[in-house]
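Here is how names work: the chains are called A, B, and so on, in the same order as the sequence lines, proteins then strands, and each is numbered from 1.
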2 protein chains.
Amino acid sequence: MKYVSKNQLQRYPVYHKLLLNHLKNGEEFISSRVIAAELGYSEEQVRKDLQAITTYPGTPKRGRNLNELVLSLEEFLGYNDMSQAILIGVGHLGAALLNYKLFPQMGLKIIEAFDNDPKKVGLTINNIEVKDYSSIKEFIKSSGVKIAILCIPGENLQVIVDEIVKMGIVGIWNFAPGVINVPDRITVQNVDLASSFAVLTHNMKQKIKAK
Amino acid sequence: MKYVSKNQLQRYPVYHKLLLNHLKNGEEFISSRVIAAELGYSEEQVRKDLQAITTYPGTPKRGRNLNELVLSLEEFLGYNDMSQAILIGVGHLGAALLNYKLFPQMGLKIIEAFDNDPKKVGLTINNIEVKDYSSIKEFIKSSGVKIAILCIPGENLQVIVDEIVKMGIVGIWNFAPGVINVPDRITVQNVDLASSFAVLTHNMKQKIKAK
DNA sequence: TTAATTTCGGTAAAACAGTATCGATTGGAT
DNA sequence: ATCCAATCGATACTGTTTTACCGAAATTAA
């Protein structure tokens, strides 16, 4: 398996989703050119991306075996061995994520949720129980869960992060706004709405200028 | 104003958020070195990023004027002239976004929401009314709104996109999974949870390997 | 069976982004 | 008043990511 850059990595789930649609249509082969055209990528980039994670080559004039390609993507993305995670903070956004239907397809299963609001504790959302935050330590220890999804307000963010890291969490998917500091061995992935929106508005401005 | 790369662009809201905190503490100056340390960036990168969007230089031994820096960032990011947007699809995620408290700080105001579910239509969430999707055309025309936030299931995604583009929407913030095709003049920014989660798990694996 | 065409994989070149270096300038300490 | 340390901006360098190119291989069609 070759080295994969961050941008490249983010493209793989996009390929996966597209290819699933083609697979549904009963197609058997697909060429890099077709994929590139549908996604708006360059042909060379698609070829390089796919070469990096597949073991079997494609065949000239036909392209790649669609089924094999999907399997390679799922293997690479780890969609086969489901990742278990806990969710912390059952506010509007946290509840929406508990209800998010596509996580299983992405190899993610939320096994428990935590909040410190008594009104939330005891609820069951999409078959996931909401427990009191005070019980989180025991749960992390006993379940061995490694990933936490953070949906808490910004104020206590770093405090909570420090706590759960000490309890054994090594991967943090952070939906809360704000920067968090962790030791090197911990992985953090931020979902930063402000950054995403900034890209949108900036690109809109650029297009207006270009006219 | 110099050219700004996409990665660079995504860092500016992060700077902005950090600097607001420092401003709250009553600080007057801040050096690139301090910013770099707090965000885990390199000192040079911070300096280069800030140089690209500011007009006034920093002063040696003190750093940059914090207030001026924040103003430059807000100016660059367009936080001053508030962007108006509509939201389409008031499901769990859509409702969570309607309740999201930080949009005003990001220069975003959602002025109306649309859904085709009669149970949703007529609700008012966080002072935003949910209207029937059939009335969207009139609203876009009369309000002149340019940005749409999409939170609809994947099935009708492209159909809706084609419709709203025809009605005058030019910027789409897409929270729905799946690739959408638009004319060149339209800007799309995807919030792709699958890609984000893939980066998290991949980085976690890399760290385990590196041990 | 042969020719034409498509697509492949690998390599080379170009573009881009990030890092390091360096002289200049300023503020504060002595 | 002078010196020292910190920070700046600019530029040069390095590395990474993307794009372009090219010969080879395989399928389809004549």
Original post:
Pick one: which of Asp49(A), Val4(A), Leu39(A), Val46(A) meets side-chain contact (heavy atoms from CB on, under 4.5 Å) with Arg11(A)?
Top reply: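 Considering Asp49(A), Val4(A), Leu39(A), Val46(A), a side-chain contact (heavy atoms from CB on, under 4.5 Å) with Arg11(A) is found only for Asp49(A).
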**OP:** Run through Lys17(A), Glu68(A), His16(A) and flag the one making a side-chain contact (heavy atoms from CB on, under 4.5 Å) with Leu73(A).
**Re:**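 Checked Lys17(A), Glu68(A), His16(A) against Leu73(A); only one passes side-chain contact (heavy atoms from CB on, under 4.5 Å): His16(A).
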Subject >> Contact summary for Ser72(A) and Ile53(A), nearest pair of heavy atoms >> reply: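 What the structure gives for the nearest pair is CB-O, 4.0 Å.
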Original post:
Could Lys48(B) and Glu44(B) be called an ion pair, given the rule that one side-chain N must be under 4.0 Å from one carboxylate O?
Top reply: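 Salt bridge: no.
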Subject >> Set of residues satisfying ring-ring contact (aromatic ring centres under 6.0 Å, His included) with respect to His202(A), sequence neighbours excluded >> reply: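 Applying ring-ring contact (aromatic ring centres under 6.0 Å, His included) to His202(A) gives Phe76(B).
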Original post:
In whole angstrom, what separates Glu43(A)'s CD from dG9(C)'s C1'?
Top reply: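 Answer to the nearest Å: 13 Å.
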Subject >> Arg64(A) side chain to Thr54(A) side chain, donor-acceptor N/O pair below 3.5 angstrom >> reply: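 The criterion, which ignores hydrogens and geometry beyond distance, is satisfied for Thr54(A) and Arg64(A).
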**OP:** Name all residues meeting the side chain to side chain donor-acceptor pair (under 3.5 Å) criterion together with Glu112(B); count only those two or more places apart in sequence or in a different chain, and write none if there are none.
**Re:**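 Lys131(B).
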Original post:
Using the C1' atoms of the five pairs at each end, what is the angle between the end axes of the helix from dT1(C)-dA30(D) to dT30(C)-dA1(D), to 10°?
Top reply: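 The angle separating the two end axes equals 10°.
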Subject >> Range on DNA chain D touched by chain B - first to last nucleotide, heavy-atom distance under 4.0 Å >> reply: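 Boundary nucleotides touching chain B, in 5' to 3' order, are dA5(D) to dA10(D).
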**OP:** Going 5' to 3' through nucleotides 18-30 of chain C, assign each nucleotide B (protein heavy atom under 4.0 Å from a base atom), S (under 4.0 Å only from sugar-phosphate atoms) or - (no protein heavy atom that close).
**Re:** BBBB---BBB---
**OP:** Might you work through the side chain to side chain donor-acceptor pair (under 3.5 Å) test for Tyr3(B) and Gln8(B), ending with a clear yes or no?
**Re:** CA-CA 10 Å; Tyr3(B) 165 80; Gln8(B) 202 176 348; over 6 Å; no
Ignoring hydrogens and angles, write down the donor-acceptor pairs under 3.5 Å from the side chains of residues 90-104 of chain A, residues two or more places apart or on other chains.
residue	atom	partner	partner atom	Å
His92(A)	ND1	Asn99(B)	ND2	3.4
Asn99(A)	ND2	Ala95(A)	O	3.0
Asn99(A)	ND2	His92(B)	ND1	3.4
Lys101(A)	NZ	Asn99(A)	O	2.9

Subject >> Plane angle bin for Phe197(A) and Trp173(B) - parallel if under 30°, tilted between 30 and 60°, otherwise perpendicular >> reply: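 Trp173(B) and Phe197(A): tilted rings.
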